[in-house]
Visitor: 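My structure is below; once you've seen it, I'll send some questions.
All chains are named by letter (A, B, ...) in the order of the sequence lines, taking the proteins before the strands, and each is independently numbered beginning at 1.
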Amino acid sequence: MSGIETWSAARASEIIAGQQHLDGATLPILHALQHAFGYVDPQAVHLIADALNLSKAEVFGTISFYHDFRSKPAGRHVLKLCRAEACQAMGAVALHQHCRTRHGIDWHDTTPDGELTLEPVFCLGLCATAPAALLDDKPLARLTTGKIDAQIEGLSR
Amino acid sequence: MTSVLYIPTDAAALAVGADEVAAAFQAEISRRGLDVQIVRTGSRGLFWLEPMIEINQDGGRIAYGPVEPDDVAGLLDAGLMLGGDHRLRLGPPDEIPYLKAQTRLTFARCGLVDPISVADYRAHGGYVGLDRALAMDATAIVDEVKLSGLRGRGGAGFPTGIKWNTVRLAVDNQKYIVCNADEGDSGTFADRMLMEGDPLSLVEGMTIAALAVGATKGFIYIRSEYPHAFAAMNRAILAATEAGYLGPSVAGSGHAFTIEARLGAGAYICGEETSLLESLEGRRGLVRAKPPLPALKGLFGKPTVVNNVMSLATVPWIMANGAQAYADFGMGRSRGTLPIQLAGNIKQGGLIETAFGLTLRQVLDQFGGGTATGRPIRAVQVGGPLGAYFPDRLFDTPMDYEAFAAVKGLIGHGGIVVFDDTVDLAHQARFAFEFCAQESCGKCTPCRIGATRGVETMDKVLSGVERAKNLELIDDLCQLMTEASLCAMGGLTPVPVLSAITHFPDDFNRAPLLAAAE
C-alpha cells in the first residue's frame, strides 16, 4: 500500500518536479505526494505554490476542498466504507456501527495502535453487490459483520 | 490447441472473489499440466452470478457461476474446458434470460473481450466507427450523431450532436474533449463497468469526437473511488497509443489526438461539468456560472466537449451502424438504449442495457426477481442521490426522460436503488439533505446553507416537534433551493426530499418523543 516513505521536503520537491509539467498539475501532484507519504504534509503547501506560481491560499484551499487529501498520516490500513443509498438499502448503517464499536473509533479516526483508519465513502460502484467497502485497494462486497471482521483480522500485521 | 478460460477483473467481481478464483485455477492448471490460458475480461454485469467464468466452445461461450475457489477442482473434473455438465453451468451467456432480454449496443463487448487488447477489440467490431469517421468531414460526423438522437447519458439528457456542433463552430487554436467519468451517484456503475471491461470503446468515442470538433487533446476525469477503472483506462490509452490509434497521427490520418486520464479526489460535486473543469485545472471544484457554456469557454478557457462515459462510448456504435439504426430504438424523444443499473436490495442486481421505454415494474419484476432480503419492495430511488423515491403506484412509469420528468423524477444516470419495507423515508429525506451539506461546493447560498437548515429541520420532524410547521418550512426551503441554486446539486436535492414526503407521508407522521429517562 501507499505511504511507505517518511516525509522529506527534498523528496517532495522531487515528486512535484516530476508532475509540474502537466496542465493543471495541482491534483496530480497532491495524489503523488499522498501516494508516497500517505498524506500531504502542510509543509508541501509552499513547495507546490512556488512550483506552480500559485498563492499558498490557493493550494491550501484545494487540499482542504477534497475529501481524499489527508494532512496527517493514516493508519497502516485504510477501510473505506460506503455510506451511499444502495449500501444503506442492504444494512450498511448497522454494519458501520458495528465497525465503529468494534474498533472503538469514529469516522476519519485511526485506532490507537495505528493499524486501521476508518473513512466514509459515497459510492464505490459496487451497488449491485452491496454493502461494499474498499480495504486499502481491495474491493469488498456483500459484506456481513463476520466477513468484514475476518478481512480486518486477516491483514498482515 | 490452447483453450481459453475467461475470468473477470471487474471491481465488483473482484469484490466477490474473482482474483481468488483465478489464482485457484492457475494453481490447478499448473498442477494438472493443462494447456489452458486465462484471459481476464470485464463483467457481463450479472452480478449475482459473479464470479462468472466462461470458456470457448464451437466459437461460442459457455458460462459457469457463481464460482468459488473450492469449486475449481470439481469444475475441471467435470470437463469445464469442454463445456462439461456441472451444477454451476449456466450455458451460453447470451441465452441467460437476463442477458437475452437486453439490447446490448454500448455494452456489446463488455465481458467478452480482453479490455487491453486492440487486436481483440478490432476482432469484435472495434474501430469500425473510427474508420468510417476518418472518411467523413467534421460536419458529417456531427450530423450523424445529431440524427442518432443520442442525448447526454450523464443525467441532463442534452442532445450530444448539438453540443458537438457548438464546439465544432467555435474558432480557437486549442479545443478539448473532456470525458466526465466522475460517476458518483449511488446505484450507478455503468461507467465503471465499461471502463474496466471495454475501455477502448471510450477511447474510440473520444477520438471520433475529436475529429468532429477539431480537438487534439482529451482528458478523462475518473473518480478516485474507482482505482481499478483508472488503471484499466491507463492501460487502454497506452495500448491504443502503441497501436497508432492515439498520438500525432491517429491511424495514419494526420489528425493528432492524445488522451490523459486524471484522478478526482473524492468530491461528488466534480461530476457537475463546470466543477469538473475547475478540478482539472487544479482548483477547488467550485461550480461556474453559465454562460459562458463550456462548449465555448471550457477547460483552460478553450472550447470543450464535456460528455459522459456512456455518451462517448456509444458513439462508435452509432458511427459503425449508422444514426438511423440507433434511432430505431427507444421511445418519444429518448432514442437508442439506456444502460439501467439495478442495485441495492435486489436479488438479481446488475446492468440492463435496453431500449428506452421499459417500465420500472418490468425492470424490477422481469430482471430483479424481488428483494435480496425476500421482503416486499416499498420504495425505489431512481437517478442517484438527487433522484426521486417512487412508491409502487408509480412503478408503471416508462424509463424515458420526459415520462420521468412528468412524475417529478429523473432518470439521471440510470441507476435504480431498491429498498424493502424496512426503509424509513424520513431518514432517507434527512440523508438527502445531509449528503448535500457534505458535498455542496459552497459557492451558492441556497445549497450551502439550505442543506444544513434542511438537516436541522428534518431532525425536528423526526423527533415529532411541531411537525406541520416544520414540514411547511421544508417545503418552502425546497422551493428556494430548486429555484435559486446555481447547479443541480442544490437544485435537485429537493427531489428526493419532496418525493419522500409526497409518496410516503406516514413516515413523517411522528409522535413527539416522550420526555427522556421516564
Visitor: Quick check: are there more than 12 heavy atoms from other residues, nucleotides or ligands sitting under 6.0 Å from CD of B/Glu68?
Guide: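 At most 12 heavy atoms, drawn from other residues, nucleotides or ligands, come within 6.0 Å of this atom.
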Visitor: Check each atom of B/Glu260 against the heavy atoms of chain A and say whether the ones under 4.5 Å are side chain, backbone, both or neither.
Guide: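 Looking at B/Glu260, just its side chain touches chain A.
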Visitor: Can you tell me which portion of B/Pro227 sits under 4.5 Å from chain A's heavy atoms? Options are side chain, backbone, both or neither.
Guide: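 Only the side chain of B/Pro227 comes within 4.5 Å of chain A.
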Visitor: What part of B/Asp191 is in contact with chain A, defined as an atom under 4.5 angstrom from a non-hydrogen atom: side chain, backbone, both or neither?
Guide: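 Contact with chain A involves no heavy atom of B/Asp191 at all.
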Visitor: In terms of heavy-atom proximity below 4.5 Å to chain A, should B/Leu263 be classed as side chain, backbone, both, or neither?
Guide: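 Contact with chain A involves both backbone and side-chain atoms of B/Leu263.
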Visitor: Using the rule given for side chain to side chain contact (heavy atoms under 4.5 Å, CB included), can you reason through A/Asp149 versus A/Gln151, listing the C-alpha separation, both sets of side-chain angles and the distance that settles it, and then say yes or no?
Guide: CA-CA 5 Å; A/Asp149 291 348; A/Gln151 284 288 339; over 6 Å; no
Visitor: Non-hydrogen atoms of chain A under 4.5 Å away: do they reach the side chain of B/Leu342, the backbone, both or neither?
Guide: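 Backbone only.
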Visitor: Let me know if B/Cys441 has heavy atoms under 4.5 Å from chain A in its side chain, its backbone, both or neither.
Guide: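 B/Cys441 touches chain A through backbone and side-chain heavy atoms alike.
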Visitor: Counting a contact as any heavy-atom pair under 4.5 Å apart, which residues of residues 12-24 of chain A contact chain B?
Guide: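 Those residues of residues 12-24 of chain A which have a heavy atom under 4.5 Å from chain B are A/Leu22, A/Asp23, A/Gly24.
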Visitor: Count the heavy atoms belonging to other residues, nucleotides or ligands that lie under 6.0 Å from CG of A/Asn53, then report whether that count exceeds 12.
Guide: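 Atom CG in A/Asn53 is not crowded, with 12 or fewer foreign heavy atoms closer than 6.0 Å.
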Visitor: Where on B/Ser279 is there a heavy atom nearer than 4.5 Å to chain A: the side chain, the backbone, both, or neither?
Guide: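 Both parts, heavy atoms under 4.5 Å.
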Visitor: What part of B/His228 lies closer than 4.5 angstrom to a heavy atom of chain A: side chain, backbone, both or neither?
Guide: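 Answer is side chain: those atoms of B/His228 sit under 4.5 Å from chain A.
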Visitor: Need one label for B/Ala11: side chain, backbone, both or neither, based on atoms under 4.5 Å from any heavy atom in chain A.
Guide: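 Both backbone and side chain.
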Visitor: Under 4.5 Å heavy-atom distance to chain A, tell me which part of B/Ile269 shows up: side chain, backbone, both or neither.
Guide: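 The side chain, not the backbone.
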Visitor: More than 12 foreign heavy atoms under 6.0 Å from CZ of A/Phe69: is that the case here?
Guide: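 Counting other residues, nucleotides and ligands, CZ of A/Phe69 exceeds 12 neighbours.
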Visitor: Under 4.5 Å, counting heavy-atom pairs only, tell me which of A/Glu58, A/Lys80, A/Met90, A/Arg83 racks up the most with chain B.
Guide: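 With the most close heavy-atom pairs to chain B, the winner is A/Met90.
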Visitor: Which region of B/Glu434, side chain (C-beta onward) or backbone (N, CA, C, O), has a non-hydrogen atom less than 4.5 Å from a non-hydrogen atom of chain A, or is it both or neither?
Guide: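 Only the side chain of B/Glu434 comes within 4.5 Å of chain A.
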